[in-house]
Amino acid sequence: MLAVAVLAAGKGTRMKSDLPKVLQPLAGATLVERVLASCSGLAPERQILIVGHQAERVEQSLAHRAGLEFVLQQPQNGTGHAVQQLLEPLANFEGELLVLNGDVPLLREQTIANLLEHHRSSGAAVTLLTARLNDPTGYGRVLTDKDGRVQAIVEQKDADAAQKAVRQINTGVVSADAATLRRWLAGLGNTNAQGEYYLTDIFAMAAGEGRPAQAVGCLSAGEADGANDALQLSVLERRYQRRQAEALMREGVRFADPSRVDIRGSVSAGMDVEVDVDVVFEGRVVLHDGVRIGPFCRLKDVELGAGSVVHAHCDFDGVQAGPDCVLGPFARLRPGTELAEGVHLGNFVESKKTRIGANSKANHLTYLGDAEIGAKVNVGAGTITCNYDGVNKSLTEIGDGAFIGSNSSLVAPVSIGAGATIGAGSVITKDAPADTLTVARAKQLSLNGWQRPAKKPKSP
């Protein structure tokens with residue numbers, strides 16, 4: 001059995017933020033959400049978050065995660081004190097306890113699985129994930145014997161000159177036998193420069209019992225780095241983004257510049273997908289074969305059919321598009337937009353809760369909201385569906401093959417029949433019959449003798 005405990009009680013003073021450290025954002029999620037995601041594939045029987053600073057706020061942010069348990073650490077008196085809070089909730093737990101840090105978001109599931117595998121195969125009571133740094137300043141140093149087994153961990157503030165020269169550092173990620181760990185936790189002291197209870201003291205205890213901990217290194221450089229301030233957080237953000245872009249490029253996606261894309265959710269892509277610069281993906285995005293995305297676009301919860309093209313400066317949220325659509329530039333497509341094959345929505349077109357049939361077009365300066373539009377419809381520039389009366393929203397229906405003249409207003413609820421033509425500049429308030437020209441304009445007048453007002457002279 002596996003239990004996972006995430007240390008998430010700290011304030012994060014150096015962030016200089018009212019937001020708790022573990023709720024700082026990284027790639028569209030919080031740090032702690034990234035940590036929890038890194039071990040979700042291991043299917044732990046229990047997941048426990050140790051909270052402290054702004055505990056209620058942290059808990060509320062994770063209320064959607066079923067089965068997640070919360071334990072309060074108050075006051076926050078070191079990592080050992082934090083894990084001691086598990087003594088009661090895990091009093092009868094028999095199995096492995098994996099301890100993770102809530103501000104280390106780039107740890108790969110593969111690395112954690114490798115740690116657990118080494119722990120199980122070695123029969124050790126405790127196993128530590130380590131990393132080697134060229135500059136280990138600020139980290140606890142891992143002291144090992146000639147066989148590489150952990151003898152102790154010394155924090156930076158407690159280390160002497162020789163110990164500070166050690167480059168193998170403690171990541172804070174530990175796998176331990178729960179029953180043995182409970183016994184060690186009960187014996188922790190706080191005789192150190194910080195006056196805190198260090199979880200790392202258990203390694204000296206293990207060595208003293210002739211059961212030294214095993215040390216397992218990270219599978220890739222930098223994945224166990226944490227974020228203590230906004231600068232470090234920005235470094236982790238760019239590293240995460242590069243990792244995501246590289247994974248997509250291995251699948252064949254071509255980025256104009258992989259350093260100028262932000263992936264804040266999940267992206268799946270087919271063959272021959274091209275993405276230009278400064279594109280942001282959020283939520284769940286699916287790009288089928290041959291999709292091309294122009295520069296300066298944001299796509300959130302979007303699926304684009306094969307061969308579809310998105311031109312520059314588009315903002316899409318909740319869009320389902322079929323193959324061979326041509327969209328933008330400067331198009332804004334909002335939730336509930338469903339486009340069939342070959343739809344064209346051009347510059348400065350906005351849609352919301354609208355379904356558009358195959359090969360229909362609205363090429364510029366148009367608003368389509370709460371509408372059902374058939375196939376091969378042509379919507380002229382400046383057309384709007386007037387779907388909101390200030391209280392309720394109503395539906396506009398446009399049949400197959402209809403032609404809507406420029407600068408028309410379709411006042412819902414209203415139906416435009418198949419093959420109908422609406423004269424430019426019309427305000428349509430009643431249903432328009434199929435295969436018929438409908439015009440609704442004020443009568444044009446030319447007034448002879450009318451004088452344009454003249455500007456009044458200024459008073460002296």
Side-chain angles (χ1 to χ4, degrees), residues 2-91 93 97-109 112 129 171-175 178 181 185 194 196-200 223-237 240 264-265 282-283:
L2 175 65
V4 175
V6 180
L7 309 186
K11 180 179 181 179
T13 303
R14 282 179 281 173
M15 283 290 179
K16 294 181 168 47
S17 170
D18 182 56
L19 202 62
K21 184 202 271 192
V22 296
L23 297 188
Q24 296 293 329
L26 186 134
T30 63
L31 294 180
V32 71
E33 285 175 316
R34 293 287 174 205
V35 174
L36 290 169
S38 70
C39 61
S40 60
L42 304 174
E45 280 74 19
R46 296 179 68 177
Q47 283 189 310
I48 304 173
L49 204 68
I50 302 171
V51 295
H53 176 68
Q54 294 196 43
E56 184 177 349
R57 188 173 183 180
V58 175
E59 292 182 28
Q60 287 176 347
S61 76
L62 296 167
H64 61 284
R65 296 188 70 96
L68 183 62
E69 304 172 52
F70 299 95
V71 173
L72 180 65
Q73 181 194 13
Q74 197 65 262
Q76 291 86 57
N77 198 18
T79 54
H81 180 251
V83 182
Q84 283 177 335
Q85 310 313 304
L86 300 174
L87 289 174
E88 182 176 342
L90 293 180
F93 181 79
L97 175 63
L98 174 68
V99 179
L100 301 174
N101 290 312
D103 62 348
V104 179
L106 301 189
L107 204 60
R108 300 172 188 264
E109 184 177 302
I112 299 174
L129 184 69
T171 67
V173 178
V174 174
S175 178
L181 183 60
L185 289 171
Q194 293 290 92
E196 295 182 345
Y197 294 89
Y198 294 154
L199 179 63
T200 50
E223 64 177 311
D225 289 356
N228 289 314
D229 57 31
L231 177 59
Q232 291 177 344
L233 185 61
S234 71
V235 171
L236 296 186
E237 176 76 34
Y240 178 88
R264 301 172 186 170
E282 299 179 358

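With rounding to the nearest 0.5 angstrom, the CZ atom of F93 is 6.5 Å from the CD atom of E45. Taken from CD in E69 to CG in L86, the straight-line distance is 9.5 Å, to the nearest 0.5 Å. One distance of note links CD of Q232 with CD of E237; it measures 14.5 Å at 0.5 Å rounding. Atom CD in E59 sits 8.0 Å away from atom CG in L72 (nearest 0.5 Å). Atom CG in L98 sits 7.5 Å away from atom CG in L42 (nearest 0.5 Å).
The residue from L7, V99, I50 that alone fulfils the side-chain contact (heavy atoms from CB on, under 4.5 Å) condition with T79 is L7.
Across every non-hydrogen atom of C39 and P44, the tightest pair is O-CD, 3.7 Å. Closest heavy-atom contact between Q76 and H53: NE2-N, 3.8 Å. Closest heavy-atom contact between Q74 and G52: NE2-O, 4.0 Å. Shown here for V104 and G226, the closest heavy-atom pair between the two residues is CG2-CA, 4.1 Å. In terms of heavy-atom proximity, L31 sits nearest to L26 at CD2-CB, 3.9 Å.
The closest side-chain heavy-atom distance from L36 to L68 is below 4.5 Å. Side-chain contact check for T13 versus N228: every heavy-atom pair is 4.5 Å or farther apart. You'll find the side chain of V4 stays beyond 4.5 Å of the side chain of R46, heavy atoms only. Side chains of Q54 and E56 form no contact here, defined as non-hydrogen atoms less than 4.5 Å apart. Under the 4.5 Å side-chain criterion, counting only non-hydrogen atoms from C-beta, T30 is not in contact with L19. Using a 4.5 Å cut-off on side-chain heavy atoms (C-beta onward), L62 and F70 make contact. Residues L129 and L107 meet the side-chain proximity criterion, which asks for heavy atoms closer than 4.5 Å. The closest side-chain heavy-atom distance from V6 to V32 is below 4.5 Å.
Remark: the backbone N or O of P20 is not paired with any side-chain donor or acceptor of R57 at under 3.5 angstrom. Listed for the E223 side chain is a donor-acceptor partner under 3.5 Å among the backbone atoms of R108. Side chain of R65 to main chain of E33: no donor-acceptor pair is present (N/O by atom type, distance under 3.5 Å, no hydrogens or angles). Here the side chain of Q73 pairs no donor or acceptor atom with the backbone of V51 at under 3.5 angstrom. Proximity of a side-chain donor or acceptor of E282 to a complementary backbone N or O of G265 within less than 3.5 Å is not detected.
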Please report the C-alpha distance between V35 and N101 in whole Å, then the side-chain angles of each, then the deciding distance to 0.1 Å, and finally whether the side-chain contact (heavy atoms from CB on, under 4.5 Å) criterion is met. CA-CA 8 Å; V35 174; N101 290 312; over 6 Å; no

Check the pair K16, R14 against side-chain contact (heavy atoms from CB on, under 4.5 Å), reporting the backbone distance first and the verdict last. CA-CA 5 Å; K16 294 181 168 47; R14 282 179 281 173; 5.5 Å; no

Check the pair I112 / S38 against side-chain contact (heavy atoms from CB on, under 4.5 Å), numbers first and verdict last. CA-CA 8 Å; I112 299 174; S38 70; 3.6 Å; yes

Decide side-chain contact (heavy atoms from CB on, under 4.5 Å) for D225 and L106; before the verdict, give the C-alpha distance in whole Å, the side-chain angles of both, and the deciding distance to 0.1 Å. CA-CA 7 Å; D225 289 356; L106 301 189; over 6 Å; no

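Considering only residues two or more places apart in sequence or on other chains, Q84 meets the side-chain contact (heavy atoms from CB on, under 4.5 Å) condition with H81, L87, L185, L188. The side chain to side chain donor-acceptor pair (under 3.5 Å) test applied to S17 returns Q24, not counting sequence neighbours. With sequence neighbours excluded, no residue forms a side chain to side chain donor-acceptor pair (under 3.5 Å) with E109.
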